[in-house]
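Note sheet for the following structure.
Below, chains carry the letters A, B, ... as their sequence lines are ordered, and counting in each starts from 1.
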Number of protein chains: 2
Amino acid sequence: MKISELSRRSGVSIPTIKYYLRDGLLPPGRATAANQADYGEEHLRRLRLVRTLVGVRRLPVGAVKEILGAVTEQGGDLHQIFGIVTDARPVTQQQKQAREREREEAGEETGGVADARELVAAMGWEVNPGTAAVRSLGEVLDALADMDAGIDWRSLLPYARLADRISELDVQQMNGVSGVLELAERAVLVSVLLEPALLAMRRLAQEDKSARLFGGGPKEGEGEG
Amino acid sequence: MKISELSRRSGVSIPTIKYYLRDGLLPPGRATAANQADYGEEHLRRLRLVRTLVGVRRLPVGAVKEILGAVTEQGGDLHQIFGIVTDARPVTQQQKQAREREREEAGEETGGVADARELVAAMGWEVNPGTAAVRSLGEVLDALADMDAGIDWRSLLPYARLADRISELDVQQMNGVSGVLELAERAVLVSVLLEPALLAMRRLAQEDKSARLFGGGPKEGEGEG
DNA sequence: CGCAATGGATAGTAGTGCGATCCGTTATCT
DNA sequence: AGATAACGGATCGCACTACTATCCATTGCG
């Protein structure tokens, strides 16, 4: 199919498709002439996946490119896929944090990261020590310490146990999927796309709980169920 | 204290502090003269909170402003605080999605949002129907449907149950905190700051689980424990 | 054979967080 | 009291991102 059809069937504008092609998010179509290329169903699937990752979750285009490269090349090693996908961090767009990142990567490890490793050890998780998630968790623990919140890594253990059960659900989602690329795509979807869903559901449950506990306010007397 | 001391004690550069003052993220100091202002400990706390929300979590400055305004003004109504805080969405920076948002707000409701409401009903959650989280969840369900992932709102129910338990932990974090502003700040921290922590722990657990299930690959023979 | 569509490249746009600089004023040190 | 440095405020500019618009020669298709 031509780019116009790809655009119509995907709902993505032609300039955006061109942009993705330029950046390597979409593999180039098979060139049938100097100014004609042929796109297949795989391009459509890939385009939908890109739109999902960039649009719903807000991964930077570069991260999406890495993920897709991993899916395409080493579609076999699911653990690799999971690792690359989960290591992707949301959009940053500041250079200052890049410097902080450099400082941390230069070996200077904050106390929060050490705490994060303790939590990982306490949970019995076997992970790559350099995983971005450890740094993320460390940042949060640092911030909590800075804020004198009285929340340390031990208080996160109940959360960690629930996170563990979530991850069990995650790997269950891989059941019944056959085909290497399909498995990889499913891994991407489960890891990446369910994040905002989880957060949204947590927020909804929070709203429910906080309404029951704190919401019996003076203004709106919604009879508590 | 003067702005320089505020900068030193917070680790935030003076131009950044000025920027926050401009945008209303920090209340202006008490002006002691035409070019002198006095900042107190509350400014320091507020500044740390801002840095946490903007830096660790990546809330747009406008959202942080709303949250802080809510914390300051209606510090009493915890449910209100939770609502405003959890309604804040991560940085968007595209106008196209703003248009999509408009379309949705114009009344045109996608199927995913309807599914999200079904999930909410199935969980027995009582929430404001206009909550942003419902739309977020709807977006994800739309995306899942678009991808033909075979994941519908029913398959998210186990996740929803875990989210519910997470929210129970969340409200437990409010115990032992006294003082209206302290409670509000705690609500912000718990709602906002634990999000990346949760996601990070989920990723770590995923990595652990995927290593056990799929990682016994040919390359690295880490004895499965 | 002609016109519109195609693919490719090069700018330009919007929005964000933040830094640099200028400017008039004022605290502070001597 | 006078020099000097810092202050607060405002404006401009930067870097980054995802995306759009425009121009170009080429070419398919009726």
Side-chain angles (χ1 to χ4, degrees), chain A residues 1-8 10-39 43 47 50-65 88-101, chain B residues 1-8 10-39 43 47 50-65 88-101:
Chain A
M1 81 185 83
K2 289 181 293 187
I3 198 175
S4 56
E5 191 179 347
L6 190 62
S7 169
R8 247 178 300 120
S10 65
V12 180
S13 76
I14 291 182
T16 300
I17 295 179
K18 287 187 176 183
Y19 165 62
Y20 290 160
L21 288 168
R22 272 201 309 275
D23 274 32
L25 287 184
L26 275 179
R30 199 174 46 84
T32 64
N35 70 338
Q36 223 79 9
D38 191 50
Y39 303 96
H43 289 87
L47 185 52
V50 168
R51 288 265 67 187
T52 298
L53 296 183
V54 173
V56 179
R57 176 95 196 270
R58 293 184 202 293
L59 289 186
V61 171
V64 174
K65 184 177 172 182
R89 319 251 312 208
V91 64
T92 297
Q93 102 190 8
Q94 276 117 319
Q95 78 286 6
K96 192 191 175 186
Q97 293 171 356
R99 283 176 206 154
E100 292 177 5
R101 206 66 26 93
Chain B
M1 80 186 82
K2 289 181 293 187
I3 199 176
S4 56
E5 191 180 346
L6 191 61
S7 170
R8 245 179 301 120
S10 65
V12 180
S13 76
I14 291 183
T16 301
I17 294 179
K18 287 187 178 184
Y19 166 62
Y20 291 160
L21 288 169
R22 270 201 310 276
D23 274 32
L25 286 184
L26 274 180
R30 197 174 48 82
T32 64
N35 69 339
Q36 222 79 11
D38 190 51
Y39 304 96
H43 289 88
L47 185 51
V50 168
R51 287 265 71 189
T52 298
L53 296 183
V54 173
V56 179
R57 178 94 196 271
R58 292 185 202 292
L59 290 186
V61 172
V64 174
K65 184 178 172 181
R89 318 249 314 207
V91 64
T92 299
Q93 100 191 11
Q94 278 116 318
Q95 79 285 7
K96 192 191 176 186
Q97 293 172 356
R99 282 174 206 154
E100 291 177 3
R101 203 70 24 92

Checklist entry - Which pair of non-hydrogen atoms, one from A:V12 and one from A:S7, has the smallest distance, and what is that distance? => result O-OG, 2.6 Å
Next on the checklist: With a 4.0 Å limit, can you tell me whether B:R51 has a side-chain N or O closer than that to the phosphate oxygens OP1/OP2 of C:dC18?
Outcome noted: yes
Next on the checklist: Can you measure A:K18 atom NZ to D:dC24 atom P for me and round it to whole angstrom units?
Outcome noted: 14 Å
Checklist entry - Can you name the nearest heavy-atom pair linking A:M1 to A:D38, along with the distance? => result N-OD1, 2.8 Å
Checklist entry - Got a second to check how far A:I17's CD1 is from A:R51's CZ, nearest 0.5 Å? => result 9.5 Å
Item to check | Nearest non-hydrogen partners of B:P27 and B:L21, listed with the distance | outcome: O-CD2, 3.5 Å
Checklist outcome for this item: dist B:E5:CD -> B:H43:NE2 (nearest 0.5 Å) comes out at 13.0 Å
Checklist entry - Taking only residues two or more places apart in sequence or in another chain, which ones pass side chain to side chain donor-acceptor pair (under 3.5 Å) with A:Y19? => result none
Item to check | For atom CZ of B:R30 and atom P of D:dC7, their distance in whole Å | outcome: 17 Å
Checklist entry - If you pin B:R22 and B:I14 to their nearest nucleotides in DNA chain D, which one's is more 5'? => result B:I14
Checklist entry - If you check the B:Y20 side chain, which of D:dA21, D:dA6, C:dC18 turns out closest? => result C:dC18
Every protein N/O lying under 3.5 Å from an N/O of nucleotides 26-30 of chain C:
residue	atom	partner	partner atom	Å
C:dT26	O4'	B:N35	OD1	3.0
C:dT26	O4'	B:N35	ND2	2.7

Item to check | Rounded interatomic separation in angstrom, taking CG from B:L6 and P from D:dC7 | outcome: 11 Å
Next on the checklist: Nearest whole Å is fine: how far is D:dT11 P from B:D23 CG?
Outcome noted: 13 Å
Item to check | Proximal nucleotide (of D:dC7, C:dC18, D:dA21) relative to the B:I3 side chain | outcome: D:dC7
Checklist entry - Counting just side-chain N and O atoms, does A:T16 come under 4.0 Å of either OP1 or OP2 of D:dA18? => result no
Item to check | Any B:Y19 side-chain nitrogen or oxygen under 4.0 Å from OP1 or OP2 of C:dG17 | outcome: yes
Item to check | Length of the line joining B:I17:CD1 and D:dA6:P, which is rounded to integer Å | outcome: 16 Å
Checklist outcome for this item: Shortest non-hydrogen pair, A:K18 vs A:I3, comes out as CG-CD1, 4.0 Å
Item to check | Rounded interatomic separation in angstrom, taking CG from B:D38 and P from D:dC7 | outcome: 13 Å
Item to check | Gap between atoms NE2 and P, on B:H43 and D:dG8 respectively (whole Å) | outcome: 11 Å
Checklist entry - Within this structure, what is the CD-to-P distance between A:E5 and D:dG28, rounded to whole angstrom? => result 17 Å
Item to check | N/O (side chain, A:S13) to phosphate O (OP1/OP2, D:dC19) under 4.0 Å | outcome: no
